[in-house]
Amino acid sequence: MPISAKFNDLTASQKEAVSHFEGPLLVIAGPGSGKTRVIINRIAALIAQGVSPWNICAITFTNKAAEEMRNRVVAMNTPAGTHVSTFHSLCVRVLRYHGSHVGVGSNFSIYDDSEQTKCMKEALKTLNLDTTNFTPGKLLEAISLLKNKLEYPDAFAARASDYFSKIVAKAYKAYQHLLTQNNAVDFDDLLMKTAVLLRDFPAVREELSNRYKFLLVDEYQDTNHAQYAIARCIALGHGNICVTGDPDQSIYRWRGADIANILAFEKDWPSAKVVKLEENFRSAPNILALADKLIAANTSRKAKRLIPVIPHPGEVIIRQYEDEAYEADSIISDIARLAKNGVPYSDIAVFYRVNSMSRPIEEALVRSRLPYQVVRGVEFYGRKEIKDMLAYCKLIVNPPDDVALTRIINSPTRGIGDTTLEKVAAHARMHNLPLYEALKQTFAVTSLSQAVRTKIAAFVAMIEQFKPLAAGPVAPLMKKVFEDSGMQKSLEAGGLEGSAALDNVEELINAAAIYDQQIDNPALYDYLQQIALFSDTDKFDPASGKIALMSLHAAKGLEFKHVYIIGLQQGILPHERSKDNPDELEEERRLLFVGITRAKKGLHIAYTRHRTIRGLLMRSIPSQFLYELGASDLPSRDSFLAESSRDFNDFRDDYIADLPSRTMQTPAPSSASKKAPFTTDELVEHKVFGLGRIKSYTDMGENSIVAVRFNSGQTKTLMVKYANLKKV
């Protein structure tokens with residue numbers, strides 16, 4: 001069926017994707033190629049061809065992207081009814097109605113990172129495992145990957161062979177038991193339980209497939225196995241699945257994303273039509289040429305061109321600095337120059353590999369009094385007073401949530417301490433009750449005094465009083481909770497710190513009021529789900545009028561006129577963990593590719609000669625990506641290695657992720673006649689790393705370096721003038 005005339009302003013390839021009607025469609029969309037435009041025009045085209053909006057489902061990866069897509073669909077003057085959301089939001093909706101099939105009550109809580117950690121600690125306690133040896137974070141990371149693969153605890157336990165895997169299996173089972181007991185899910189459960197629901201319950205799968213007869217999935221290269229399974233189940237009955245994405249922008253392998261999903265799409269759907277969007281409407285030609293040169297080194301990709309549409313050539317600068325302080329000062333000076341020439345601060349961004357690298361940049365911005373925002377996710381929702389307020393709200397809608405209950409039963413202080421709570425918890429365990437139900441039975445806990453029972457009864461009565469209000473506007477309920485719980489009075493008595501906390505709670509209530517105005521039928525449960533799905537990029541405010549500071553991962557999906565990427569050093573970008581893993585090295589290269597292609601007009605890439613690691617100023621080596629980019633004025637890799645007497649990849653131990661940055665020139669060695677201060681195998685002591693033996697010494701004048709193998713088994717390369725090594 002021919003496309004409507006209103007789509008004639010599309011390029012030929014965009015029009016080809018938009019006009020495809022039934023059957024699978026793969027759209028390989030390079031950066032800045034207008035893929036969102038294709039998706040919303042495709043929705044409009046489907047409706048124009050007689051498809052009901054209610055039969056269309058569009059899935060993207062962030063709340064901000066979903067909101068933008070919804071607004072743009074409305075702007076197309078199409079009838080309402082198309083479902084546009086993230087995968088997680090869709091799963092929440094499905095589980096709310098069908099979750100009982102997979103053991104989830106309709107009023108379930110969604111646990112954030114801190115709540116998951118608390119739950120895991122409790123699980124480890126029941127297993128008598130020490131959290132020092134088995135950290136909750138490491139175990140949760142392992143369990144997350146298992147859930148993304150749709151693997152249940154018992155199935156994993158059956159194949160666990162090594163000691164750590166067996167511990168993971170036990171922790172997974174205990175952790176999942178607590179989640180079920182609390183009627184709670186983590187973010188991975190949202191995906192896993194929905195995927196299993198659609199796989200194992202044909203009636204639910206058929207209902208969803210009939211509802212969403214046309215499925216559009218954005219950023220398909222970043223789907224994990226669970227998301228892949230959900231999309232496949234929905235589309236299997238009709239085959240009308242359109243996915244857009246770019247293998248060159250797959251950067252979430254560390255959280256389960258599988259690039260094979262997009263690379264194998266044509267194998268999964270043999271009749272698929274493939275359209276490539278290669279025109280780039282964002283970046284200047286020089287920037288695209290750099291990106292193209294870099295990504296050509298990857299093998300896991302689908303070949304495509306980056307065809308510039310913007311005529312302005314653009315500015316690309318690759319520059320070295322002495323250390324992170326020089327790097328920061330120079331970049332801020334350059335930003336000030338741009339601002340003086342009329343560039344809005346909101347058109348400028350600084351990207352880095354790890355969040356801690358923002359510190360020197362922030363300090364320089366503060367000194368220069370330039371406005372900036374750090375896009376680092378959910379700090380607001382991590383504040384104590386906000387988490388306390390939300391814990392009250394979670395308990396109101398989901399009383400079995402023990403994590404929420406234990407957080408606020410004595411906050412503010414109401415005379416119900418840990419000893420009292422443990423007595424009630426013992427009663428709950430004995431009778432297999434949620435803790436909240438056990439609080440209603442304190443008459444049966446003989447070890448409690450009457451005074452304590454009275455306090456517990458007052459707490460329960462307060463929560464019960466809130467419950468009927470949960471089905472209405474959220475802001476008035478929050479205000480009542482804040483006042484009646486005693487939180488307001490407690491914070492008012494807290495001086496300056498309490499005053500700041502009061503402002504934060506007021507901001508939360510104001511946000512709830514905005515939600516109440518925007519939603520036809522506001523409800524506390526729905527509001528809590530929206531907050532739970534808040535992500536890093538949702539915090540970014542492009543209208544703030546401020547310079548943006550963010551990690552390269554957070555920059556995905558954004559664009560700026562001028563971009564600064566700092567810390568292009570081996571062990572940082574690429575990250576040290578990619579040293580012996582070709583797949584991870586390719587992902588690091590894709591991450592830099594994403595950063596480069598965020599820039600519209602100007603791109604500034606920085607690396608430093610030295611950088612501070614654990615308080616020690618250490619020599620740095622330029623990232624191998626700089627050589628791949630063809631950066632000029634770099635020492636050749638061979639000459640650098642000859643002078644430093646070190647293998648290029650031996651720098652892994654010097655780079656421990658979350659740290660600032662430094663640059664690279666090779667100082668002239670000092671006179672060979674001068675006696676070296678250290679000799680091979682000499683015993684030395686370092687105040688942080690302890691005892692060790694000299695492995696090698698490289699004479700580079702005042703910047704001489706020494707490699708020491710410490711008794712811990714680690715080999716560290718240190719700059720002599722800062723290491724303060726003591727001969728033993």
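Reckoned from all heavy atoms, side chains included, excluding hydrogens, waters and symmetry mates.
With contacts defined as side-chain heavy-atom distances shorter than 4.5 Å, the pair Leu288/Asp292 does not qualify. Within the 4.5 Å cutoff, side-chain heavy atoms of Leu591 are placed close to those of His553. Contact check for Lys394 versus Leu528: side-chain heavy atoms found under the 4.5 Å cut-off. No side-chain heavy atom of Tyr97 sits less than 4.5 Å from a side-chain heavy atom of Ser106. Taking 4.5 Å as the limit, some side-chain heavy atom of Ile241 sits within range of a side-chain heavy atom of Trp269. In this structure, Pro31 and Arg282 have side chains that are in contact, with non-hydrogen atoms separated by less than 4.5 Å. No side-chain heavy atom of Leu552 sits under 4.5 Å from any side-chain heavy atom of Tyr352. Counting only heavy atoms from C-beta outward, the side chains of Ile348 and Lys561 never approach each other to under 4.5 Å.
Applying the side chain to side chain contact (heavy atoms under 4.5 Å, CB included) test to Asn240 and every residue at least two apart in sequence or in another chain returns Glu22, Phe214, His238. Remark: Asn183 engages Asn107, Asn398 in a side chain to side chain donor-acceptor pair (under 3.5 Å) (not counting sequence neighbours). Remark: Gln227 engages no residue in a side chain to side chain donor-acceptor pair (under 3.5 Å) (not counting sequence neighbours). Taking the side chain to side chain contact (heavy atoms under 4.5 Å, CB included) definition, one finds that Gln116 meets it with Tyr111, Asp113, Leu140, Tyr175, Asp186, Phe187, sequence neighbours left out. Residues passing the ring-ring contact (aromatic ring centres under 6.0 Å, His included) test with Phe201 are His101, sequence neighbours excluded. By the ring-ring contact (aromatic ring centres under 6.0 Å, His included) test, His562 is found to be paired with no residue, residues two or more places apart in sequence or in another chain being considered. Every residue two or more places apart in sequence or in another chain that forms a side chain to side chain donor-acceptor pair (under 3.5 Å) with Asp526 is listed here: Tyr515. With sequence neighbours left out, the ring-ring contact (aromatic ring centres under 6.0 Å, His included) criterion links Tyr392 to no other residue. Taking the side chain to side chain contact (heavy atoms under 4.5 Å, CB included) definition, one finds that Pro247 meets it with Ile28, Ile259, Ile262, Leu263, Lys302, sequence neighbours left out. Asp516 is linked by a side chain to side chain donor-acceptor pair (under 3.5 Å) to nothing, counting only residues two or more places apart in sequence or in another chain. The side chain to side chain contact (heavy atoms under 4.5 Å, CB included) search around Glu587 returns Arg253, Trp254, Arg590, not counting sequence neighbours.
Ion pairing between a basic and an acidic side chain is recognised when a charged N comes within 4.0 Å of a carboxylate O; Lys15 and Asp9 show no such pairing. Classification of Lys304 and Asp248 as a salt-bridged pair holds, one side-chain N sitting under 4.0 Å from a carboxylate O. Note on Lys601 versus Glu315: no salt bridge recorded, every NZ/NE/NH1/NH2 to OD/OE distance being 4.0 Å or above. Looking at Lys387 and Asp112, a side-chain N of the basic residue comes within less than 4.0 Å of a carboxylate O on the acidic one, giving a salt bridge.
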**Message:** Run the side-chain hydrogen bond (donor to acceptor under 3.5 Å, both in side chains) test on Ser33 and Asn280 for me, step by step, so that the C-alpha distance in whole Å, both residues' side-chain angles and the decisive distance to 0.1 Å come before the verdict.
**Reply:** CA-CA 5 Å; Ser33 61; Asn280 182 287; over 6 Å; no
**Message:** The test is side chain to side chain contact (heavy atoms under 4.5 Å, CB included); show your working for Ile605 and Tyr564 and say whether it passes.
**Reply:** CA-CA 6 Å; Ile605 294 175; Tyr564 296 80; over 6 Å; no
**Message:** Please evaluate residues Arg72 and Glu68 with respect to the criterion salt bridge (charged side-chain N to carboxylate O under 4.0 Å, His left out), reporting the C-alpha separation (whole Å), side-chain torsions for both, the decisive distance (0.1 Å), and the verdict.
**Reply:** CA-CA 6 Å; Arg72 290 176 65 174; Glu68 179 193 353; 3.1 Å; yes
**Prompt:** When you look at Asp222 and Lys556, which way does the salt bridge (charged side-chain N to carboxylate O under 4.0 Å, His left out) test go after all the steps?
**Reply:** CA-CA 11 Å; Asp222 287 327; Lys556 180 78 179 291; 2.7 Å; yes
**Request:** List the steps, then state whether side-chain hydrogen bond (donor to acceptor under 3.5 Å, both in side chains) holds for His83 with Arg93.
**Result:** CA-CA 11 Å; His83 178 89; Arg93 183 172 180 172; 2.7 Å; yes
**Request:** Start with the C-alpha gap between Ile287 and Thr597, add the side-chain angles, then the distance that decides, and say whether side chain to side chain contact (heavy atoms under 4.5 Å, CB included) holds.
**Result:** CA-CA 7 Å; Ile287 295 170; Thr597 55; 5.7 Å; no
**Request:** Please assess Ser13 against Lys276 for the test side chain to side chain contact (heavy atoms under 4.5 Å, CB included), listing each intermediate value before the final yes or no.
**Result:** CA-CA 7 Å; Ser13 56; Lys276 293 183 180 181; over 6 Å; no
**Asked** Given the rule in the side-chain hydrogen bond (donor to acceptor under 3.5 Å, both in side chains) test, do Glu385 and Asn504 qualify, once you have shown the distances and angles that lead to the verdict?
**Response** CA-CA 8 Å; Glu385 61 275 10; Asn504 291 333; 2.6 Å; yes
**Asked** Under the side chain to side chain contact (heavy atoms under 4.5 Å, CB included) criterion, do Ile59 and Thr86 qualify, and how do the steps go?
**Response** CA-CA 5 Å; Ile59 303 295; Thr86 63; 5.7 Å; no
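Ring geometry for Phe108 versus Tyr525: interplanar angle over 60°, hence perpendicular rather than tilted (30 to 60°).
Using a 3.5 Å distance cut-off with no hydrogens or angles, the side chains of His20 and Arg42 do not pair a donor with an acceptor. Looking only at atom types and distance, the side chain of Asp188 has a donor-acceptor partner in the side chain of Ser144 under 3.5 Å away. No donor-acceptor contact under 3.5 angstrom links the side chains of Asn224 and Tyr252, judged on distance only. Between the side chains of Glu16 and Gln14, no donor-acceptor pair is found at a separation under 3.5 Å.
Of all heavy-atom pairs between Trp54 and Ala80, the closest is NE1-O, 4.3 Å. Residue Gly595 comes nearest to Val563 through the heavy atom pair O-CG1, 4.1 Å, listed as atom of the first residue, atom of the second, then distance. The two residues Phe593 and Ala291 have their closest heavy-atom pair at CD1-O, 3.5 Å. Leu190 approaches Cys91 most closely through the heavy-atom pair O-CB, 3.3 Å.
Remark: the backbone N or O of Arg205 is not paired with any side-chain donor or acceptor of Ser209 at under 3.5 angstrom. In this structure a side-chain-to-backbone donor-acceptor pair under 3.5 Å is missing from Glu506 to Leu502. Between the Ser250 side chain and the Gln221 main chain, a donor and an acceptor come within less than 3.5 Å of each other. Side chain of Asn55 to backbone of Val51: no donor-acceptor contact under 3.5 angstrom is found. A side-chain donor-acceptor contact under 3.5 Å links Glu278 to the backbone of Arg305. With Ser551 contributing its side chain and Arg353 its backbone, the two residues share no donor-acceptor pair below 3.5 Å. Glu588 places no side-chain N or O within donor-acceptor distance of the main-chain N or O of Leu573, the cut-off being under 3.5 Å.
Listed by first and then second residue, the salt bridge (charged side-chain N to carboxylate O under 4.0 Å, His left out) pairs involving residues 232-241 amount to none (not counting sequence neighbours).
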